[in-house]
Protein chains: 2
Amino acid sequence: MMFSMKVSDTDSSKSMVMSLAKGFRVLEVFDAREPELTLSQIAARAELDPGTTYRLAKTLVMLGYLLPAEGKRYRLGLKVLDLGFNAFGQMDLNTIARPILRSLMGPINEAASIAVLDGPELVYVERLQMPLGRLGISQRVGARVPAFCTAIGHAILAYLPLEERLQILNAKPRTKMTPNTPVTIPEIESRLQKVRELGYAVSDQDTVIGVRVIAAPIFDPDDRPWAAISAAAPWMACSLQEFVEHTAPAVVSAAKQLTKVSRISGSTGFTPARRGA
Amino acid sequence: MMFSMKVSDTDSSKSMVMSLAKGFRVLEVFDAREPELTLSQIAARAELDPGTTYRLAKTLVMLGYLLPAEGKRYRLGLKVLDLGFNAFGQMDLNTIARPILRSLMGPINEAASIAVLDGPELVYVERLQMPLGRLGISQRVGARVPAFCTAIGHAILAYLPLEERLQILNAKPRTKMTPNTPVTIPEIESRLQKVRELGYAVSDQDTVIGVRVIAAPIFDPDDRPWAAISAAAPWMACSLQEFVEHTAPAVVSAAKQLTKVSRISGSTGFTPARRGA
DNA sequence: AATATAGTTTCGCATTCCGAAAGGAGTCCA
DNA sequence: TGGACTCCTTTCGGAATGCGAAACTATATT
């Protein structure tokens, strides 16, 4: 008996349909830099046998996800967009956002929200909260809060042009909510600089005593920040560092996903209307 | 020996990787109406064995294209968008459009173009033409033509609000280019009504003698028509009816694809700049 | 024309996937 | 509370499907 052992046993689990994974590997090697690839290029990039690659490519062409281009090359079919468009294109953003918010919640985070910027204020458009949450706050969807003092506000403000930022910050008097609340322009600007460096905003009891929040911005197709997503944890859940390490990557990733999906999801944006019960 | 014959031999060609096709069937059953499906629902819709469905779903979850949702349900992962975003998101629209234009050309159609509306005029932003084309016209990229008399113009105007339409139509004097050119507002409005009914505009030597054109609109995320794509054939290539039957579906489909892709492709739009040689 | 490179097909083997059926897990209803 | 139901998950044997090496063909390169 011959052992044609698999070189890389990356497929961490058994009973995985390998042909399917390989098929996606083929699609995934395409990018904007080289939109058309020959079979051998595909095979090399996807680390697949030429014969196998040929068969997979043929199949994908049949399905319409890959198209034959001139000169024995292939390019991605626009049908790859249909998968997303059929499902997400007609879905309203709140519906898409809810599972993402849920994925942010867990033993540490007890609430997750999305708010959009409306003038100098934020409007909560979607929020999830643990049933037995010990968080004092309980912002309802539709509630408005000032932008200058919240993590969500910072996440958005940090990426706005200076002029607009100042306009928003100076639109209303800024009052301290907690001892931590940054109120002077230099204090806030220093925070925003840090947001730009990290890609997310951290609030350690800036707005409500005992509550920490991490937020990341959601951009429109023109790369303007128009909303942000946040996750909040009670002060006693863990150390600040643990909170950041645990939550920041998830929040940033969620924001990126929403940035992407908001592009295809019409230009309708979120709606603060409550559906259902 | 047992014959476990395939019930439906839909796989039209041999050496097709069936698992791959089945995997896509799984993803394709998701739509906005029911964003979360149970395994049995997936199996039923995709017409797959429960066991097979389970294995495929497991694989897709591993790959990130499917996500487990609450209550033994699955929903589409936003990763399905990555396929398109990685490839098309960073690509400029002209690059994406060119293969689409090429696909419109053939024995009948000898030229294909995209133009955007700029005030009362159209600007050609991309154009392909058969080398030995017998078409008299040869619009260069960047050329400007009046909107009122061309198929591309009609395709766009038909979907603009009446007020804007009239503003554009009345911006400049309308002169007959050929005996067919519609010049009065009633004539043009009647054409536009037909465009709205059919979904595409037909020009039978309206602008240039001997040239027929079919065009369909490209919409922005707010559903405003901002560009259109067209295919042109010489008068003698075939009958008008043959031309329409052959070309209209392809042009409409191309326009829909561009509408979709223009959503994710930033808000940069087309550029009339000529790249490369 | 000859060589090299890349694409396509063939082919035999065994791996991988399939499907039936059994074993759980959860739910509904009495 | 129990039983019946549905649906999810796993096991298992078998075979067919897909794999990869290699042969063959087409295309480019010198």
inquiry  = I'd like the P distance from D:dT6 over to D:dT10, given in whole Å.
reply    = 22 Å
remark   = Per the under-4.0 Å heavy-atom filter, residues of residues 40-53 of chain B near DNA chain C come out as B:Asp49, B:Thr52
To the nearest Å, how far apart are [X] [atom1] and [N] [atom2]?
| X | N | atom1 | atom2 | value |
| --- | --- | --- | --- | --- |
| A:Leu39 | C:dT8 | CG | P | 6 Å |
| B:Leu56 | D:dT17 | CG | C1' | 14 Å |
| B:Met18 | C:dC18 | CE | P | 8 Å |
| A:Lys22 | D:dG20 | NZ | P | 5 Å |
| B:Tyr54 | D:dC7 | OH | C1' | 13 Å |
| B:Leu60 | C:dC17 | CG | P | 13 Å |
| B:Leu20 | C:dC17 | CG | C1' | 14 Å |

Any [X] side-chain N or O less than 4.0 Å from OP1/OP2 of [N]:
| X | N | value |
| --- | --- | --- |
| A:Lys72 | C:dT8 | yes |
| A:Thr38 | C:dG7 | yes |
| B:Arg55 | C:dC17 | no |
| A:Lys58 | C:dT8 | no |

inquiry  = If you define the side chain from C-beta out and look only at heavy atoms, does anything of B:Thr247 sit under 4.5 Å from B:Tyr200?
reply    = no
task = Under 3.5 Å for both distances, Watson-Crick or G-U wobble, that's the pair rule; now give the dot-bracket for DNA chain D, with | marking pairs to another strand and [ ] for crossing ones.
result = |||||||.|||||||||||||||.||||||
Looking only at non-hydrogen atoms, find the nearest pair between [X] and [Y] and report the distance.
| X | Y | value |
| --- | --- | --- |
| B:Arg127 | B:Ala111 | NH2-CB, 3.4 Å |
| A:Ser230 | A:Leu104 | O-CD1, 4.3 Å |
| B:Gly142 | B:Val123 | O-CG1, 3.9 Å |
| B:Cys238 | B:Ile108 | SG-CG2, 4.0 Å |
| A:Arg98 | A:Glu126 | NE-OE2, 2.9 Å |

task = Kindly compute the distance separating CD1 (A:Ile218) from CG (A:Leu93), expressed to the nearest 0.5 Å.
result = 8.5 Å
query = Are the side chain of B:Thr59 and the backbone N or O of A:Val17 linked by a donor-acceptor pair below 3.5 Å?
reply = yes
Review item, side-chain donor-acceptor pairs of residues 63-79 of chain B, under 3.5 Å, at least two apart:
residue: B:Tyr65; atom: OH; partner: A:Glu28; partner atom: OE2; Å: 2.4
residue: B:Arg73; atom: NE; partner: B:Glu36; partner atom: OE1; Å: 3.3
residue: B:Lys79; atom: NZ; partner: B:Leu63; partner atom: O; Å: 2.7

